[in-house]
Number of protein chains: 2
Amino acid sequence: MSNLHLLQPPEPAPDAFIAACPSRGLIARLGEKWALLAIIALADEPVRFGALKRRLEGISAKMLGQTLRTLERDGLVERSVLATRPIAVDYRLTRRGDDLLPLARSLKRWAETHLADIEADNRRYDEREAH
Amino acid sequence: MSNLHLLQPPEPAPDAFIAACPSRGLIARLGEKWALLAIIALADEPVRFGALKRRLEGISAKMLGQTLRTLERDGLVERSVLATRPIAVDYRLTRRGDDLLPLARSLKRWAETHLADIEADNRRYDEREAH
DNA sequence: CAGTATCCGATTGGATACTG
DNA sequence: CAGTATCCAATCGGATACTG
């Protein structure tokens, strides 16, 4: 049997620089305002909807629901309904979510540590802009 | 002179979980559809506006201009006008931009490597959804 | 070449009200 | 408690046309 096919990979590597590449959509989803923050908030243990809403200060129920559904659809978060009265639902990271976690944390940390300098630059830029 | 102030840091550490924390705005800006991709596209060398536009397949001039202005305002990108005829403008990463680069690349790579699995999950989810 | 200005449809996201 | 449905304002973002 020929080994020629080894020289011609059947699938091109995904590349977000290419417009049609769906990885761009994925990157967009991860950027979606609450996605990474939600992942970080779920880091250590299952968290209930309400608790999550409190932890992500300022999120609306609508956005939290939407964000969680997207994360579940992407296999990053698992939803389980507990048969209590009244019902409770908790969310936890999947293995894939865990895998993304360090990256999410790094980005959050990067933003937090550079924040002060960046805000200073923002002010400088805005002053120059105003002539 | 007293050292008491060392026990009471004047500024709280920024924490993106807090609604008022501006680091959340920063995270949002980095998520902004083209921001990380633009940073990656500028990784190795100064790139001209037009070249950048070609590299970020599908971006409009408007969005590219907007993205670059935001990145410049955040001190991640530096813009320099070359006195040629017709004029040329190139963009390059600042030290701070370079510092963010590995993170941006990691996120892009993560998205690209998990893409296939995630799309499979998406399809499964959508089927279940449709009953 | 490197943008900006404008128009306009699509998407985002909060507030409020409602449900099992 | 854990959402969903609806309404609406603000923003996003592409297409097109224009400028130094």
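Order of the sequence lines fixes the chain letters, A, B, ..., with proteins taken first and strands second; residue numbering starts at 1 for each chain. Just the heavy atoms: all of them, side chains too, but no hydrogens, waters or symmetry mates, feed the values below.
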Among C/dC1, D/dG13, C/dG13, the one nearest B/Met63 by side-chain distance:
D/dG13
Would you check if the side chain of B/Asn122 reaches a backbone N or O of B/Ile118 as a donor-acceptor pair within less than 3.5 Å?
yes
Just the rounded figure in Å: distance from P of D/dC12 to CZ of B/Arg69.
12 Å
Give the nucleotide from the list C/dT4, C/dA2, D/dT4 with an atom nearest to the side chain of B/Ala88.
C/dA2
Distance col, row B/Leu68:CG vs B/Tyr91:OH, nearest 0.5 angstrom, shows 5.0 Å
In whole angstroms, the gap separating P of D/dG3 from CD1 of A/Ile87 amounts to 7 Å
If you look at every strand shown and take non-hydrogen atoms under 4.0 Å, does B/Lys53 touch a base, only sugar-phosphate, or nothing?
nothing
Rounding to an integer number of Å, can you tell me how far A/Leu64 CG sits from C/dT12 P?
17 Å
B/Leu52 CG to C/dA2 P, straight-line distance once rounded to whole Å
10 Å
B/Lys33, nearest nucleotide to its side chain (from D/dG13, D/dC1, D/dT4)
D/dG13
Checking salt bridge (Lys or Arg N to Asp or Glu O under 4.0 Å) for the pair B/Arg29/B/Asp74: CA distance, chi angles, key distance, verdict?
CA-CA 9 Å; B/Arg29 260 171 285 155; B/Asp74 283 339; 2.5 Å; yes
Could you tell me whether a side-chain N or O of A/Thr94 sits under 3.5 Å from a main-chain N or O of A/Gly75, the two making a donor and an acceptor?
yes
Between B/Arg48 and C/dA2, does any side-chain N or O lie under 4.0 Å from OP1 or OP2?
yes
Salt-bridge contact B/Glu112-B/Lys108 (side-chain N to carboxylate O under 4.0 Å):
yes
Which residue lies more 5' along DNA chain C, comparing B/Arg54 with B/Gly65 via nearest heavy atoms
B/Arg54
Report the nucleotide, chosen from C/dA2, C/dG14, D/dA2, that has the shortest atom-to-atom distance to any side-chain atom of A/Phe49.
D/dA2
Taking the basic N atoms (NZ, or NE/NH1/NH2) and the acidic carboxylate oxygens, is any pair closer than 4.0 Å for B/Asp90 and B/Arg92?
yes
Options C/dG3, D/dG14, C/dG14, nucleotide nearest the side-chain atoms of B/Arg79
C/dG3
Atom CG of A/Leu56 and atom C1' of C/dG14: how far apart are they, to the nearest Å?
16 Å
Given that both pair distances must be under 3.5 Å and the pair must be Watson-Crick or G-U, what runs of three or more consecutive pairs involve DNA chain C?
C:1-20 with D:1-20
Classify the nucleic acid contact of B/Arg85 as base, sugar-phosphate or nothing, counting any heavy atom under 4.0 Å across all strands shown.
nothing
Nearest-Å distance for atom pair NZ/P, residues A/Lys62 and D/dA10
15 Å
Just how far, in rounded Å, is C1' of C/dA2 from CG of B/Leu68?
11 Å
Is A/Arg96 reaching over with its side chain to a backbone N or O of B/His114, donor-acceptor style, under 3.5 angstrom?
no
In whole angstroms, the gap separating P of D/dC12 from CD1 of B/Ile59 amounts to 14 Å
